[in-house]
Amino acid sequence: MTDPLRTPPPSAAAHHQRPFPRDPDRWEAERSRALRTGHVRGPGCSAACELVLVYERTRWGWLAWTVSADGSPPELPHHIGVLSPDATCTDRLAAYWLTRRPARRIGLAASVPGSLRYAAAVLAVIGCAAALHAVGAGVPAGIAWPLALLAPLLAEHLPDRLDAWARDRLRSVEGDAACRYLHRLACLHTCLVQAAAGSDRYELRRSAEVGQHLLWDAAGLLQTQDTRSASAQLIDCERLMVQLADQVAQTLECSGTEARSGAADQPRGHDGPLGPFPPGFEPATRPARRREPGPSPLKGYRPMTQPDGDARAVGVYLLFAHEPYYPGPGTQEINTTLVAAASLLHPQVRQPDGARIHNRLTQGRQPGEIIPLATLTHELGGGADWPTVGDWEKVTTDLVQLVRAGECDALSLGLPSIARTLICTGPHSHVRAFDAAAGEFIAYGPAERAAVLAEVGTFLTCLVAEQDLWPGDGLLPSLTRPV
């Protein structure tokens, strides 16, 4: 990465530089409790001191702060925990368990080292009383007393086992150097999370997802290496996080400017029925603008010989999802691509698999029809007949490489998750998504899938208003007719 680091947004520095930035009263309450109940950080503290920690839970993990005896807020967390990017409900429960308030302990006699959990001591007293009552009621002592001892033993040792289980599901970083670095990333990532929480724009949500991955990866590096040995990877993580924060700040600034100016006719991300589509496409209600005569805006376009003026309307298109990629720095993620069916006949695509898929794709289709790869899978017995046709995974990988190399034209999209899922399912399938705000599941089916394809078709119509997508040069003959 050769691009220089851009200055992070000024608002980033305000997030989590001090505990509970949005709720100062919470910090004062926690500090007062710590002063009353535990050991706070002072000049005479050593590394062996068990300091009281105040946990600040976040959407991406938590920060653990120490409390100073002089009342000054800490400048650096004692340790930082990070949730997995694909955190489940169990992972969040594990984080909640690890950030609970520490158990109160009772010291034993001066000559006996160690201590006992307050809960274990209470259960031991209650268990003894219950055992005496049970024995008096006729329960054998061999049953009553072991049960009475089991409860305090579980209260004393089970939390330690649960702690070990919870730590395996998360990543936690300690030490001044590691925490100082991860704290900087956490401040930037908090900006991304808060921007995504207040918006339904895909690019903001995706930035928060990428930021969570970067935070998780950085925590993994700091768990296994020191900051010096992992400096190269850590610098890359921080550079990407700064770029994400800067991009989000610019997006929010542009959104605010557009809202204030009322520039409704400027190109922007279009909100379709299932969420925002990539910026740069015109809304469906806007008529397509005709370009002045001149070179085609499609990279690498070469006119194809047409037998008549309406020949461009008979094309069939393949729509498929793939591993996301970014065309360049600061650009939006591309996770779905549409190409002309004839691109399957390109010599750089795996053959004869591409020609066989082209044959299946073009049989019995309507002019200008967009066929998702999942529709072919449905037609091929739910995928059971793919081995007799070709290796669709290799073919689509070759098509993506072809598009990225500029060897054919394509409509590259960054679809929202629901829209992308729908085109990856069959024409009669249903998808259920949980709406956390409403607390219910929302079902999407064939009607929503058709709406997505119609939206993509609108974008395609604008793109090929004058010339169809260029499938590439040196195409092989199809199985049914020469190209």
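Heads up: numbering here begins at 1 and tracks the sequence. Here the structure is a predicted model, which is why all the values come from computation and not from measurement.
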Name the atoms and distances for all side-chain donor-acceptor pairs under 3.5 Å in residues 334-347, with sequence neighbours left out.
residue: Asn335; atom: OD1; partner: Leu415; partner atom: N; Å: 3.0
residue: Asn335; atom: ND2; partner: Tyr202; partner atom: OH; Å: 3.3
residue: Asn335; atom: ND2; partner: Glu333; partner atom: OE1; Å: 3.1
residue: Asn335; atom: ND2; partner: Leu415; partner atom: O; Å: 3.1
residue: Thr337; atom: OG1; partner: His322; partner atom: NE2; Å: 2.7
residue: Ser343; atom: OG; partner: Ala340; partner atom: O; Å: 3.4
residue: Ser343; atom: OG; partner: Pro471; partner atom: O; Å: 3.2
residue: His346; atom: ND1; partner: Gln348; partner atom: N; Å: 3.0

Under 3.5 Å, sequence neighbours excluded: what are the donor-acceptor pairs made by side chains of residues 79-86?
residue: His79; atom: NE2; partner: Trp62; partner atom: NE1; Å: 3.3
residue: Ser84; atom: OG; partner: Asp86; partner atom: N; Å: 3.2

Legend entry - Worked check of side-chain contact (heavy atoms from CB on, under 4.5 Å) between Ile370 and Val456: CA-CA 9 Å; Ile370 298 174; Val456 174; 4.1 Å; yes
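- For residues 378-391, the set of pairs meeting the side-chain hydrogen bond (donor to acceptor under 3.5 Å, both in side chains) definition, not counting sequence neighbours, comprises Arg365-Glu379, Thr377-Trp386.
- Checking side-chain atoms of Glu448 against main-chain N and O of Gly445 turns up a donor-acceptor pair under 3.5 Å.
- Relative to the six-membered ring of Tyr96, Arg57 meets both conditions, a distance below 6.0 Å and an angle of at most 45° to the axis.
- Gln351 places a side-chain N or O within 3.5 Å of a backbone atom of Ala355 that can act as its donor or acceptor partner.
- Rounding to the nearest 0.5 Å places CD1 of Ile357 at 14.0 Å from CD1 of Ile371.
- Remark: side-chain polar atoms of Thr362 are paired, donor with acceptor, to backbone N or O of His358 under 3.5 angstrom.
- Contact of the Tyr55 side chain with the Leu98 side chain is not registered, since no non-hydrogen atoms from C-beta on lie closer than 4.5 Å.
- In terms of heavy atoms, Val173 sits closest to Cys179 at O-SG, 3.4 Å.
- Closest non-hydrogen pair, Leu185 versus Ala218, comes out as CD1-CB, 3.6 Å.
- Inter-residue side-chain proximity for Pro77 and Glu56 is flagged as unmet; no heavy-atom pair is nearer than 4.5 Å.
- Residues Tyr317 and Leu469 meet the side-chain proximity criterion, which asks for heavy atoms closer than 4.5 Å.
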Inset, instruction - Test side-chain contact (heavy atoms from CB on, under 4.5 Å) on Thr425 and Val431 and set out the steps. - result: CA-CA 8 Å; Thr425 58; Val431 175; 4.2 Å; yes
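- Between Arg206 and Val210, the closest side-chain pair of non-hydrogen atoms falls below 4.5 Å.
- Identified under the ring-ring contact (aromatic ring centres under 6.0 Å, His included) test for residues 213-249, with sequence neighbours left out: none.
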Inset, instruction - May I have the step-by-step check of side chain to side chain donor-acceptor pair (under 3.5 Å) for Thr421 and Arg449, ending in yes or no? - result: CA-CA 9 Å; Thr421 301; Arg449 186 178 190 266; over 6 Å; no
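- For Arg420, the CZ atom is densely surrounded, since the number of other residues' heavy atoms within 6.0 Å is greater than 12.
- In this structure the side chain of Pro74 reaches within 4.5 angstrom of the side chain of Pro19, judged on heavy atoms.
- With rounding to the nearest 0.5 Å, the separation of CG in Leu182 from CD in Glu174 is 12.0 Å.
- Annotation for Ala384 and Pro387: closest pair O-CD, 3.4 Å, computed over non-hydrogen atoms.
- Separation of atoms CH2 (Trp392) and CG (Leu376) is listed at 11.5 Å; rounding is to 0.5 Å.
- Checked by atom type and distance alone, the side chain of Asp398 never pairs as donor or acceptor with a backbone atom of Val349 at under 3.5 Å.
- The pair Asp353-Arg356 does not count as a salt bridge, with every side-chain nitrogen at least 4.0 angstrom from each carboxylate oxygen.
- Using a distance-only test at 3.5 Å, with no hydrogens or angles considered, no donor-acceptor pair links the side chain of Ser229 to the main chain of Gln225.
- Remark: Leu158 engages Leu162 in a side-chain contact (heavy atoms from CB on, under 4.5 Å) (not counting sequence neighbours).
- Taking CG of Leu402 as the start and SG of Cys408 as the end, the distance is 4.0 Å to the nearest 0.5 Å.
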Legend entry - Working for side-chain contact (heavy atoms from CB on, under 4.5 Å), residues Leu244 and His189: CA-CA 9 Å; Leu244 283 174; His189 180 55; over 6 Å; no
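- Pro327 approaches Gln332 most closely through the heavy-atom pair CD-O, 3.5 Å.
- In this structure, Leu53 CG and His78 NE2 are separated by 5.5 Å, a value rounded to the nearest 0.5 Å.
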Inset, instruction - Run the numbers on Tyr181 and Leu222 for side-chain contact (heavy atoms from CB on, under 4.5 Å), then give the verdict. - result: CA-CA 9 Å; Tyr181 172 79; Leu222 292 169; 3.8 Å; yes
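- Looking only at distances, a side-chain donor or acceptor of Glu369 sits under 3.5 Å from a matching main-chain atom of Gln366.
- Residues Cys191 and Val248 form no side-chain contact, since every pair of their non-hydrogen atoms from C-beta on lies 4.5 Å or further apart.
- Considering all non-hydrogen atoms of both residues, Pro372 and Leu453 come closest at CG-CD2, 3.7 Å.
- Once rounded to the nearest 0.5 Å, the distance linking CD1 of Ile235 with OG of Ser231 reads 5.0 Å.
- The closest side-chain heavy-atom distance from Leu234 to Leu221 is below 4.5 Å.
- With contacts defined as side-chain heavy-atom distances shorter than 4.5 Å, the pair Thr190/Thr58 does not qualify.
- Applying the side-chain hydrogen bond (donor to acceptor under 3.5 Å, both in side chains) test to pairs two or more places apart or on separate chains, those with a residue in residues 158-169 are Asp91-Arg169, Trp97-Asp163, Arg100-Asp163, Arg117-Asp160.
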